[in-house]
Every structure is written in C-alpha cells, then in structure tokens.
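Residue numbers count from 1 along this sequence. No experiment lies behind these values; they were computed from the predicted model shown.
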Amino acid sequence: MESELKDLNSKPAKIQQPDPTHDDTSSKDDRPLLKPDSSSTAAANIYELEKKFAAYVRNDVYGTMGRGELPLKEKIMLGISLVTLLPLRIVFGMSLLVVYYMICRICTMFCAPNQEEEEEGYAHLGGWRRAVIVRSGRFLSRSLLFVVGFYWITETHKDSANTKENSKTEGTHQLEEQEKPGAIVSNHVSYLDILYHMSSSFPSFVAKRSVAKIPLVGLISKCLGCVYVQRESKSSDFKGVAGVVTDRVREAHRNGSAPMMLLFPEGTTTNGDYLLSFKTGAFLAGAPVMPVILRYPYQRFSPAWDSITGVRHVVFLLCQFANHMEVMHLPTYYPSQQEKDDPKLYANNVRRLMATEGNLIMSDIGLAEKRIYHAALNGNNRLPSVLHQKDD
C-alpha cells in the first residue's frame with residue numbers, strides 16, 4: 001500500500017474545511033439559527049447552514065428533510081405509488097423478514113447464546129446451523145433489496161496492482177495472500193448499507209443495544225453476532241465495546257471460519273458525497289481491512305438517510321419504482337508496521353485512499369454537527385448541548 005499512498009499525492013482527495021465552532025456559549029447559544037420573523041433572513045441562515053453542514057444536505061426532489069414542495073407530476077406519481085407499490089412491497093418485505101426469522105429460530109433451537117458482556121448472539125454456532133443461517137441470510141437480504149427496488153447492483157473490484165508490486169518487493173506477497181481481512185470498513189450512507197453487506201459477506205456489526213429487543217430483527221441481529229452498545233452512555237461502556245470489537249477483528253483475521261466485522265468508521269450517515277473523519281475502532285487490532293465504497297445514484301429520491309425521519313424515508317423509498325446502488329471493492333489494505341503502531345495514522349490513510357478512489361469529499365464534521373443541523377432544521381430556538389461535544 002505504500003506505493004499506492006504515494007500515488008495519492010499526485011491525486012489529492014477533496015477536503016472540506018469546517019467552519020470553526022465558537023467556544024463562547026454565554027450569549028451566542030441563545031440565538032436561533034432560523035429566525036421566523038424574516039423569510040429572507042431565514043433563507044440566508046439556511047444557506048449558511050447548508051454550506052457548513054454540506055455532508056448532510058439533501059439535494060433530491062423532495063428537498064430538505066423530505067418536506068419540500070413537490071411538482072404536480074411528482075405528487076401524482078407519489079399518490080399512485082402509495083396505493084399500489086407501497087402495500088405490495090411492505091407485504092413482500094415483511095414476508096421475507098418472517099421467513100428468515102423462522103429459519104434463525106429453527107437453527108438456534110436448543111442452543112445457548114453467547115453471553116458475554118457486550119454480546120448476546122449465535123455467531124459461535126458451526127456446522128449445518130451456521131451454514132443455513134449464512135446462506136439463507138445472504139439470499140434473503142438480496143431478495144429484500146430486490147423487493148425495495150434495487151433490481152440490479154453494479155459492483156466493481158479494483159485491481160491490487162500497486163499492493164502486489166509492493167508486496168513482491170518486500171517478499172511478503174505469498175504471506176499476504178493467505179491473510180484474511182479482519183474487518184470490512186465502509187462509508188455510511190443509509191440503513192440499506194447493512195442489507196447489502198449482509199447479502200455480500202454476512203458480517204457482524206456494531207448495533208444499539210435496543211436492536212436486540214426488536215421483534216424479529218432482534219434474533220436476526222444475534223445470529224449475525226452483533227456487538228451491542230449503549231450509544232448515549234458516557235460511562236466506561238465504550239472501552240468495553242472497543243475491546244470486544246478489537247478481539248473480534250483479530251479473531252476474524254486469524255480464524256477463517258469466524259465472521260468479519262462490518263464497521264462504519266464515520267460513526268453516522270452522510271448524503272453519500274462526503275467522507276467524514278474515521279474513528280479508530282476498526283484499526284486498533286492492526287489487522288488488514290477490506291475497504292468498500294457505496295454510492296446510491298438517484299434522479300428523484302435519494303436513498304441516503306441524512307436529514308429525514310426514518311418513517312418518511314422508508315415510505316418515499318418504497319414508493320420509488322427503481323433504486324440504484326453502485327459498490328466499489330478496494331483491495332485488501334495491509335497496514336505497515338508504522339500503521340499498526342499508530343491506529344490513527346492507519347485510519348487516516350485508509351480514509352484518504354477511499355476518498356480518492358471513490359471521488360468523495362473529505363469533511364471533518366461529525367455526529368455532533370449533524371445534531372446541530374437537525375436541531376436547526378426542526379426550528380429549535382436553542383442549540384443542543386452537543387454544540388461543544390467532540391466525537392471520540
């Protein structure tokens with residue numbers, strides 16, 4: 001990868017510099033970002049917000065938060081889809097979900113789940129049980145994407161010519177060919193990302209602890225071997241989760257039968273044109289990673305889940321006859337010894353590679369800024385306390 005990274009110097013990734021956040025909260029936090037007394041002032045404020053938080057701005061026909069004024073033709077198409085396409089897709093989608101739940105229920109009968117602190121799952125199962133869970137899961141995930149409108153998915157695999165050349169020079173090519181990536185690192189655009197990765201490689205991933213209690217989905221997440229986290233917790237919970245994830249990445253790297261971890265290092269979703277700063281969780285183990293870039297081309301409604309409510313997004317998505325997805329698989333990234341010793345350097349190098357190859361704009365804003373943007377769009381007269389929080 002060293003030669004590949006050197007090539008990046010001649011083709012630098014685009015970087016968006018965020019506006020500095022003011023530290024003086026005594027007076028400026030009380031002023032609303034959107035002022036209802038003046039439409040021109042509000043429009044100017046919205047324009048400034050969209051420049052500052054460009055990674056979360058929706059640019060489709062449905063407008064900001066999916067609440068824009070639609071042209072007459074779009075309203076007619078949406079109305080027809082609401083009474084025809086939407087019910088059919090809900091029925092077929094729920095049927096696939098129930099079928100897979102029943103398969104998971106049968107395969108886990110009389111089996112005790114793993115009961116570690118941050119895990120409660122069945123990823124440890126082997127033999128026919130694991131084979132049925134994985135194969136049926138991949139097939140039904142792709143079937144569900146088809147039902148939602150992703151009739152075809154364009155996949156490209158980048159050649160690892162630079163990596164191979166570098167490996168041959170160092171005499172380690174044969175060794176690297178035998179090494180399995182410990183994690184998949186992907187940009188995060190939508191909840192649909194997970195469905196694609198399930199259909200492609202069926203990895204484990206980090207999820208909110210509440211997911212384990214959702215009917216149907218809870219058991220499926222346990223069969224995936226999810227690592228659960230209480231995201232709003234400020235206790236030492238994060239350290240425990242980070243340790244579990246690191247152990248799982250190392251296990252997947254060493255054990256060919258262990259599921260890989262799917263990690264979204266950005267920590268939140270964007271509109272698909274940007275790549276946020278990477279957290280180091282996927283890189284602490286020092287194991288090779290497999291970078292994957294997802295894009296969702298669109299003409300009317302964007303499948304990106306950025307500044308729109310979940311229910312509204314699902315309804316509009318299901319009302320769109322055809323959705324599109326493009327996937328770029330980059331070569332497995334083998335870290336140098338320097339990157340193994342410095343996870344932040346490792347994360348930054350992988351991020352820069354993904355931004356360059358995927359033609360993504362690098363931005364240093366994060367989840368805290370996303371919450372500020374959402375609060376402003378919702379008309380809150382007071383900025384949330386996350387204004388001065390930093391993403392760890």
Side-chain angles (χ1 to χ4, degrees), residues 58 60-68 70-107 133-153 188-200 202 205 207-208 210-224 226 262 269 271-272 294-327:
R58 295 190 67 81
D60 60 6
V61 175
Y62 289 80
T64 302
M65 300 187 74
R67 297 176 181 175
L70 298 177
L72 179 60
K73 181 181 178 180
E74 189 67 27
K75 290 181 179 179
I76 294 174
M77 294 175 61
L78 181 60
I80 295 174
S81 298
L82 282 171
V83 297
T84 57
L85 199 58
L86 178 64
L88 288 175
R89 283 180 166 172
I90 290 177
V91 170
F92 282 116
M94 288 301 299
S95 298
L96 291 174
L97 186 62
V98 171
V99 168
Y100 190 50
Y101 170 81
M102 295 303 299
I103 291 174
C104 291
R105 177 59 66 189
I106 292 172
C107 291
I133 288 174
V134 172
R135 291 177 184 177
S136 60
R138 293 181 64 177
F139 174 77
L140 292 175
S141 296
R142 183 63 186 92
S143 300
L144 185 55
L145 284 172
F146 184 88
V147 168
V148 173
F150 293 91
Y151 307 122
W152 56 88
I153 297 176
H188 201 9
V189 183
S190 174
Y191 48 83
L192 298 163
D193 302 348
I194 295 175
L195 274 180
Y196 168 76
H197 286 293
M198 285 180 63
S199 69
S200 176
F202 205 78
F205 57 91
K208 291 182 180 180
S210 58
V211 170
K213 300 179 181 179
I214 299 177
L216 304 181
V217 175
L219 178 61
I220 294 174
S221 70
K222 293 177 182 179
C223 289
L224 280 162
C226 290
L262 166 63
T269 55
N271 59 17
L294 302 177
R295 303 295 293 260
Y296 294 87
Y298 66 90
Q299 292 182 348
R300 295 166 51 236
F301 177 74
S302 170
W305 192 28
D306 34 40
S307 57
I308 184 172
T309 62
V311 173
R312 183 179 293 266
H313 188 276
V314 171
V315 170
F316 289 160
L317 181 75
L318 296 182
C319 286
Q320 186 158 257
F321 178 74
N323 293 293
H324 305 278
M325 183 188 301
E326 296 177 353
V327 184

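- Counting only distance, with no hydrogens or angles, the side chain of Asn323 and the backbone of Val148 share a donor-acceptor pair below 3.5 Å.
- Partners of His188 according to the ring pair (Phe, Tyr, Trp, His ring centres under 6.0 Å) rule, which considers only residues two or more places apart in sequence or in another chain, are Phe264.
- Pairing each heavy atom of Ile80 with each of Thr84, the nearest pair is O-OG1, 2.6 Å.
- Scanning for side chain to side chain donor-acceptor pair (under 3.5 Å) contacts around Arg142 gives an empty result, with sequence neighbours left out.
- Ring to ring, His313 and Tyr191 are close: their centroids are under 6.0 angstrom apart.
- The closest donor-acceptor contact from the side chain of Ser302 to the backbone of Asp60 lies at 3.5 Å or more, if one exists at all.
- Counting only distance, with no hydrogens or angles, the side chain of Arg58 and the backbone of Thr64 share no donor-acceptor pair below 3.5 Å.
- Of all heavy-atom pairs between Arg89 and Gln320, the closest is NH1-O, 2.6 Å.
- Within a 6.0 Å radius of OH in Tyr151, other residues, nucleotides and ligands contribute more than 12 heavy atoms.
- With contacts defined as side-chain heavy-atom distances shorter than 4.5 Å, the pair Val98/Ser95 does not qualify.
- The aromatic rings of Phe316 and Phe301 sit perpendicular, their planes meeting at an angle over 60°, well past the 30° parallel limit.
- Residues passing the side-chain contact (heavy atoms from CB on, under 4.5 Å) test with Phe202, sequence neighbours excluded: Tyr100, Arg130, Ile133, Val134, Arg138, Met198, Leu224.
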